[in-house]
Amino acid sequence: MKLIFFVWIFFFICVYAQETAISYPDIFLPIQSKKCMVSSQESRATEAGLQVLREGGNAVDAAVTVGFVLAVTLPRAGNIGGGGFMVIYLAKNKEVTTIDYREKAPKTATRDMFLDKNGNADSEKSCHSYWAVGVPGTVAGFAYALEKYGTISLQQALKPAIALASEGIVMDADLSNTLRITKPRFQNCDASMKVFFKPNGDNYEAGDIWKQPDLAWSLQEIATNGQKSFYQGEIAKKIVSDMQKHGGLITKEDLLAYQPVIRKPVQGTYRGYEIYSMPPPSSGGVHIVQMLNILEKFPLGEWGHNSAKTIHVLTEAMRLAYADRSHYLGDPDFTKIPVSGLVSKAYADELRNKINMYQATPSAKVKPGNAIFYESNDTTHYSVIDQYGNAVSNTYTINLNYGSKIVAEGTGILLNNEMDDFVAKPDSPNSFGLLGSQANEIQPEKRMLSSMTPTIVLKEGKVFLVTGSPGGSTIITCTLQIISNVIDHRMNIASATNAPRIHHQWYPDELRLEAGISQDTIDLLRKWGHKVLIKDSIGSTQSIMQTSQGLTGASDPRRPGALTAGH
Ligand code: GLY
């Protein structure tokens, strides 16, 4: 109880510090700096990344270091057994590029593999079985990023993570609680119990030292033998043997064939700012740009932040975008996706004309569907800017909280359950309530559609904002609101982060609000036909923004343990 009280006090001090940072730069140095900054969900990861920057490393060096540390310190989302996306701004060439290290379906995956004997989608199979695991991409993605854009070696980038895994970390209340809640799932896998619980099966409590010797071994293997160890060496052997033992699909051929892909970012403009984000197989970039295009001709700044009119048009833009998401989006290597059409200003004009200014459009009139669930505390985002003007926006995931809850025996590596991001059956929602079409049906070696939206915003050719969030289907709308809050409503990055958020995803046809929006506004929205629900918090952004006073950053107060720090 006491601990929770102190965590809350600390949280409010942080919020206050962040809110007032722009006015009091000398006092609040930790989140304001002239040179470089890291913003991540976990303080030890932020500190490790910042140390790399202090020693002269660049943003990619720091991003890879942060990613490896998160695999140790934030196991519910940080990973080497999952995948993700990295958006990189290279100051020297004024160029933005992206690395797609999303997981892939194994070669033997089939379209109907998650249907039960009655032909219904079986979420136990797609979320909590060895079949739920996609071929991981994180190690290949990080190794590629370092080799192509970094200045430090893989060994150097892995050093802090190896030390934390082998020497142990102090278990905090959040980690201990989430492990306790997830224990019934972990109990299905002996290798997971060995990693996350004491030898007698008891929970680790806050304050205990928690060591991960098997994960330390895996990280050391990668440091010594490179990414080959994961995809064809000793780690690969252990993953494949575990899959064989439990009827999983991933083979040595699957691991050997895995390659990250360099993709051109999705690009758009919004009120004079340039938006760069992740293209398919993420839906994030396409729909951020699409929604911003729709919103650009509405005077949101004049209408005010979270006024009824502003929320109404945001909601209608979200509804239209998510309807398109369900139909068009998938892996571009398998499906033709009309990206340029979806992000064109002309298409946005057409969509904007469909918005009735004082009446919600029922989702059934936009396109039929059905959905049940929302997000869980999965995925994690981090942002980095270095002293040379480079930036990295990285979101990676093992899908749901602690992924499949399956550790590959002897590796300490928690495996993803990303296969649930495919469409198991048309009209059957996935864990995030998202619907999809043939574009996202399961095929061998295909990448499952994602909502991850690592984004970099430029102003006059220089980095202005680096942002992104976890939160499943809410990632895109959450990132959208950070961009709108700073551009339309002139908020500093802390206010933009802390402000109450909204979310609509076409189906279920409900407008989800965080607490803190005025009752007058809610009454008006209901009058205009919105099905308003006050639900749990949305997202956990980690953002850095350039101001005339230098870099400012904010870690979202919605989840504990995050840290933004600069130098
Ligand atoms: N696993 C959630 C996403 O990629 O959108």
Side-chain angles (χ1 to χ4, degrees), residues 25-26 28-73 78 86-99 138-139 141-164 219-220 222-224 226-227 381-394 396 454 456 458 461-468 542-547 549-553 555 562-567:
D26 294 333
F28 296 103
L29 278 174
I31 53 109
Q32 184 152 27
S33 97
K34 292 273 181 273
K35 282 199 202 149
C36 52
M37 192 170 277
V38 179
S39 181
S40 93
Q41 187 62 62
E42 208 283 322
S43 59
R44 286 160 287 215
T46 293
E47 278 156 9
L50 191 60
Q51 186 57 26
V52 170
L53 297 180
R54 275 198 204 102
E55 288 168 5
N58 70 17
V60 173
D61 300 330
V64 172
T65 305
V66 169
F68 282 131
V69 171
L70 287 171
V72 179
T73 59
M86 189 180 282
V87 179
I88 305 170
Y89 174 75
L90 299 158
K92 199 166 152 211
N93 315 331
K94 293 195 179 308
E95 181 197 326
V96 184
T97 187
T98 79
I99 303 175
T138 299
V139 174
F142 284 177
Y144 179 86
L146 261 196
E147 195 185 311
K148 179 95 177 147
Y149 304 111
T151 66
I152 63 174
S153 65
L154 204 49
Q155 286 96 318
Q156 285 169 297
L158 278 155
K159 205 170 157 197
I162 294 170
L164 288 162
L219 295 168
Q220 186 57 57
I222 300 165
T224 309
Q227 56 134 331
H381 175 83
Y382 54 91
S383 301
V384 183
I385 296 183
D386 68 20
Q387 60 182 301
Y388 316 108
N390 305 302
V392 170
S393 186
N394 188 86
Y396 75 154
I456 296 179
L458 305 186
K462 291 207 176 113
V463 174
F464 166 68
L465 176 71
V466 186
T467 191
Q542 308 296 329
S543 312
I544 305 175
M545 186 166 101
Q546 182 72 56
T547 69
Q549 295 156 296
L551 298 175
T552 58
S555 283
L563 176 69
T564 295
H567 171 69

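Since we're looking at a predicted model, the values are computed, not measured. FYI, the numbering just counts along the sequence from 1.
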Exercise for review: To the nearest 0.5 angstrom, please state how far the CG atom of Asp61 sits from the OG1 atom of Thr151.
Suggested key: 3.5 Å

**Study point:** Distance in Å, Leu551 CG paired with Ser39 OG, rounded so as to fall on 0.5 Å steps
**Key:** 11.5 Å

Study note, to complete from the structure: In this structure, CD of Gln546 is separated from CE of Met37 (nearest 0.5 Å) by 9.5 Å

Review point. What distance separates Met86 CE from Tyr144 OH, expressed to the nearest 0.5 Å?
Key: 12.0 Å

Check your understanding: Okay, side chain of Asp386, backbone of Ala59: is any donor-acceptor separation there less than 3.5 Å?
Key -> yes

Practice item. Supply the atom-to-atom distance Leu465 CG to Ser383 OG, rounded to the nearest 0.5 angstrom. Key: 8.0 Å

Practice item. Please examine the side chains of Val66 and Val392, heavy atoms only from C-beta on, and report whether any two atoms are closer than 4.5 Å. Key: no

Review point. Out of Ile88, Val60, Val87, which residue meets the side chain to side chain contact (heavy atoms under 4.5 Å, CB included) rule with Ile99?
Key: Ile88

Check your understanding: Do Leu53 and Val384 have side-chain heavy atoms sitting under 4.5 Å apart?
Key -> yes

Study note, to complete from the structure: Rounded to the nearest 0.5 Å, the CD atom of Gln155 sits from the CG atom of Leu146 at a distance of 10.0 Å

Practice item. Under the ring-ring contact (aromatic ring centres under 6.0 Å, His included) rule, collect the residues that match up with Phe464, sequence neighbours excluded. Key: Tyr273

Check your understanding: So which pairs with a foot in residues 147-162 pass salt bridge (charged side-chain N to carboxylate O under 4.0 Å, His left out), sequence neighbours left out?
Key -> none

Study note, to complete from the structure: For Gln51, the side chain to side chain contact (heavy atoms under 4.5 Å, CB included) test, sequence neighbours excluded, returns Arg54, Glu55

Practice item. On the 0 to 90° scale, with breaks at 30° and 60°, tag the Phe142-Tyr396 ring pair as parallel, tilted or perpendicular. Key: tilted

Exercise for review: Write down the atom of Val466, the atom of Ser393, and the distance for their closest heavy-atom approach.
Suggested key: CG1-CB, 3.6 Å

Practice item. Could you tell me whether a side-chain N or O of Asn390 sits under 3.5 Å from a main-chain N or O of Leu90, the two making a donor and an acceptor? Key: no

